[in-house]
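The first residue in the sequence is number 1, and the count goes up from there. These values consider heavy atoms only, across backbone and side chains, with no hydrogens, waters or symmetry-generated copies. If you're wondering where the values come from, they're calculated on a predicted model, not measured in any experiment.
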Amino acid sequence: MRKYPHPPRPNSVRIYEAHVGIASPEGKIASYKNFTHNMLVRIKNLGYNCIQLMAIMEHAYYASFGYQVTSFFAASSRFGTPDELKELVDTAHSMGLFVLLDVVHSHASKNTEDGLNLFDGTDSCFFHSGARGTHLLWDSRLFNYSNWEVLRFLLSNLRWWVEEYYFDGFRFDGVTSMLYHHHGISTVFSGNYSEYFGLHVDEDALVYLMLSNHMLHSFYPDFITVAEDVSGMPTLCRPEIEGGGGFDFRLAMAIPDKWIQILKELKDEDWNMGNIVYTLTNRRYGEKCIAYAESHDQALVGDKTLAFWLMDAEMYTNMSVLTPFTMVVDRGMQLHKMIRLITHALGGEGYLNFIGKSKGASVQW
């Protein structure tokens, strides 16, 4: 079924983050086939060279957006068949597009009927037993990365997705939660090294991430790995031989938070360009970042998209060519473009945009 090889690794990644299920204007869950035939050519024509697919690993709870995985060795059946997903990836390769998979190895669904929880009747088969094995905010189970069989399971899962579906890279979800015993809960990271080195660091999880990157880059030299880490852990994106985590990129998660803060708290005339430029360029030397103005996170956690912060109610009444053009919409559209321009220009070595946000879409679901 596979017709095309992995495309050449892009020098600068421009990522289109997408959810297959919402990639249609119709009021239903969209399919792999729809994405293949209607979305890929549009993504290519918009100038992106990389696609990042979320919610592919099978999950029973659709509203978890793929982050409560129940079956790690299965592609979500609600979008279609495995062969249709393979066709999607192969078609993307024919266009020269890299395809990244959003991998969730930071936790797992606590479901017992269709998940790993209580797999052998105990709470410690794949996970830590007791309180340490449960994430208080996500209400999910936490892997025991010191367990040899857990490492075999997760590492083989990574290689399976590459060999079976031919993905070109992974975006590792929830890396901050993995790195620390406190999982980043109620923790503010100021950049002081005491926050990154000490007994609060989960060394077993860090070693697992290093093993993952070493394995993936050894078997697949052009592979791309991206860490979703908000803490700024030093050397996370340096090679393992230097003692680093081995990732190619980390997400510059402070940038979207800065834009939301500005739009919430400041008038236009109070914007501090020096502070904005500092936030956009504040990254560790020698560690590559992927910048973005907003991703799926900015509209999934009870917040509003940038377009809604800029134009709010007039999104419903004055966005049509049939209605009068207003100053609110004019200002909103111009700032929407400028925010993306400066983020793309200064924010990092790569750029990411979530499906629909290039046009200022107001809602996702």
Inset, instruction - Could you name each residue pair satisfying ring-ring contact (aromatic ring centres under 6.0 Å, His included) that touches residues 242-266, not counting sequence neighbours? - result: F172-F247
Inset, instruction - Indicate the atoms forming the closest heavy-atom contact of S64 with H59, along with that distance. - result: OG-CD2, 3.9 Å
Inset, instruction - Hydrophobic side-chain clustering at under 4.5 Å (ILVMFWY, transitive links): who's grouped with W138? Put none if nobody. - result: L137, I185
Inset, instruction - For K264 and Q261, test the side chains for any donor-to-acceptor distance below 3.5 angstrom and give the result as yes or no. - result: no
Inset, instruction - Return the minimal non-hydrogen interatomic distance between H107 and D173, and the atom names on each side. - result: NE2-OD2, 4.3 Å
Legend entry - Close side-chain approach of S124 to N144, heavy-atom, < 4.5 Å: no
Inset, instruction - Could you tell me whether the side chain of R284 and the main chain of G232 form a donor-acceptor pair under 3.5 Å? - result: yes
Inset, instruction - Tell me, yes or no, whether the heavy-atom count around E164 atom CD, taken from other residues, nucleotides or ligands under 6.0 Å, exceeds 12. - result: yes
Inset, instruction - Answer yes or no: does atom NE2 of H37 have more than 12 heavy-atom neighbours from other residues, nucleotides or ligands under 6.0 Å? - result: yes
Legend entry - Separation of I290 CD1 from L251 CG (nearest 0.5 Å): 6.0 Å
Inset, instruction - For the residue pair L53 and V99, establish whether any side-chain heavy-atom pair is separated by less than 4.5 Å. - result: yes
Legend entry - Within 6.0 Å of OH in Y193, more than 12 heavy atoms from elsewhere: no
Legend entry - Heavy-atom donor-acceptor pair, D102 side chain to Q52 backbone, under 3.5 Å: no
Inset, instruction - First locate atom CG of D248, then atom SG of C237, and finally report the distance between them rounded to the nearest 0.5 Å. - result: 8.0 Å
Legend entry - Pairwise salt bridge (charged side-chain N to carboxylate O under 4.0 Å, His left out) hits with a residue in residues 315-334, at least two apart: D268-R331
Inset, instruction - May I ask you to test the M54-F354 pair for a side-chain heavy-atom distance under 4.5 Å? - result: yes
Inset, instruction - Determine, step by step, whether Y61 and N111 satisfy the side chain to side chain donor-acceptor pair (under 3.5 Å) criterion, reporting the C-alpha distance in whole Å, the side-chain angles of both residues, the deciding distance to 0.1 Å, and the verdict. - result: CA-CA 10 Å; Y61 183 39; N111 289 13; over 6 Å; no
Legend entry - Any side-chain heavy-atom pair of L155 and S212 under 4.5 Å: yes
Legend entry - Within one Ile-Leu-Val-Met-Phe-Trp-Tyr cluster: L236 and F197, side-chain cutoff 4.5 Å: yes
Legend entry - Centroid separation F98 to Y48 less than 6.0 Å: no
Inset, instruction - For this output row, return yes or no: ring centroids of F153 and H105 closer than 6.0 angstrom. - result: no
Inset, instruction - May I ask you to test the L280-I255 pair for a side-chain heavy-atom distance under 4.5 Å? - result: yes
Inset, instruction - For N34 and S24, work out which heavy atoms get closest and say how close. - result: ND2-CB, 4.0 Å
Inset, instruction - Verify whether one side chain among E314 and T326 offers a donor that lies under 3.5 Å from an acceptor in the other. - result: yes
Inset, instruction - Go through the side-chain N and O atoms of E195 and S190 and say whether any donor and acceptor fall under 3.5 Å apart. - result: yes
Inset, instruction - State, to 0.1 Å, how close G348 and A291 come at their nearest heavy-atom pair, and which atoms those are. - result: N-CB, 3.8 Å
Inset, instruction - Kindly write out the residues that satisfy salt bridge (Lys or Arg N to Asp or Glu O under 4.0 Å) with E58, not counting sequence neighbours, or none if the list is empty. - result: R78
Inset, instruction - List for me each residue that meets ring-ring contact (aromatic ring centres under 6.0 Å, His included) alongside Y180, sequence neighbours excluded, and say none if there are none. - result: H182, F189
Legend entry - salt bridge (charged side-chain N to carboxylate O under 4.0 Å, His left out) contacts in which one or both residues fall within residues 221-239, not counting sequence neighbours: R171-E228, D229-R250, R238-E242
Legend entry - Inter-residue atom distance I342.CD1 - I276.CD1, 0.5 Å rounding: 6.5 Å
Inset, instruction - Search all heavy atoms of Y196 against all heavy atoms of G191 and return the closest pair with its distance. - result: OH-CA, 3.5 Å
Legend entry - Identified salt bridge (Lys or Arg N to Asp or Glu O under 4.0 Å) partner of E349 from the options K288, R283, R14: R283
Legend entry - Any residue meeting ring-ring contact (aromatic ring centres under 6.0 Å, His included) with Y166, in chain and number order, not counting sequence neighbours: H6, H93
Inset, instruction - Kindly indicate, with the supporting measurements, whether the criterion side-chain contact (heavy atoms from CB on, under 4.5 Å) is fulfilled by L206 and L179. - result: CA-CA 6 Å; L206 180 57; L179 290 174; 3.8 Å; yes
Inset, instruction - Quick one: list whatever passes ring-ring contact (aromatic ring centres under 6.0 Å, His included) with F35, sequence neighbours left out. - result: none
Inset, instruction - Working to the nearest 0.5 Å, report the span between OH of Y145 and CD of E203. - result: 15.0 Å
Inset, instruction - For T225 and N213, run side chain to side chain donor-acceptor pair (under 3.5 Å): C-alpha distance rounded to whole Å, both residues' side-chain angles, the deciding distance at 0.1 Å, then the answer. - result: CA-CA 7 Å; T225 57; N213 281 299; 2.7 Å; yes
Legend entry - Main-chain N/O of E87 paired with Y32 side-chain donor or acceptor, under 3.5 Å: no
Legend entry - For F219, all residues meeting ring-ring contact (aromatic ring centres under 6.0 Å, His included), sequence neighbours excluded: none
Inset, instruction - Scan side-chain atoms only and decide if T81 and D83 contain a donor-acceptor pair under the 3.5 Å cut-off. - result: no
Legend entry - Neighbour count >12 (heavy atoms, 6.0 Å) for atom CZ, F325: yes
Legend entry - Salt bridge K304-E294, side-chain N to carboxylate O under 4.0 Å: no
Inset, instruction - Only counting residues at least two apart or in another chain, list the ones meeting salt bridge (Lys or Arg N to Asp or Glu O under 4.0 Å) with D202. - result: R132
Inset, instruction - Verify whether one side chain among N353 and H344 offers a donor that lies under 3.5 Å from an acceptor in the other. - result: no
Legend entry - Inter- and intrachain pairs under ring-ring contact (aromatic ring centres under 6.0 Å, His included), touching residues 266-288, at least two apart: none
Legend entry - salt bridge (charged side-chain N to carboxylate O under 4.0 Å, His left out) pairs, two or more places apart, involving residues 108-126: K110-D139
Inset, instruction - Give the ring-plane orientation class for H183 versus H135, where under 30° counts as parallel, over 60° as perpendicular and anything between as tilted. - result: tilted
Inset, instruction - Check whether any side-chain N or O of T343 sits under 3.5 Å from a backbone N or O of R340 as a donor-acceptor pair, and report yes or no. - result: no
Inset, instruction - Kindly indicate, with the supporting measurements, whether the criterion side-chain contact (heavy atoms from CB on, under 4.5 Å) is fulfilled by K258 and N275. - result: CA-CA 10 Å; K258 170 57 70 174; N275 183 256; 2.7 Å; yes
Legend entry - Distance flag, aromatic centroids of F170 and F223, threshold under 6.0 Å: yes
Inset, instruction - Would you check if the distance from the ring center of F143 to the ring center of F72 is below 6.0 Å? - result: yes
Legend entry - Minimum side-chain heavy-atom gap M215-L158 below 4.5 Å: yes
Inset, instruction - Report yes if the side chains of Q68 and S140 come closer than 4.5 Å at any heavy-atom pair, otherwise no. - result: yes
Legend entry - For the student: nearest non-hydrogen atoms of R2 and E163, plus distance: NH2-O, 3.1 Å
Inset, instruction - Taking the side chain as every heavy atom from C-beta outward, state whether D168 and V162 have any atom pair closer than 4.5 Å. - result: no
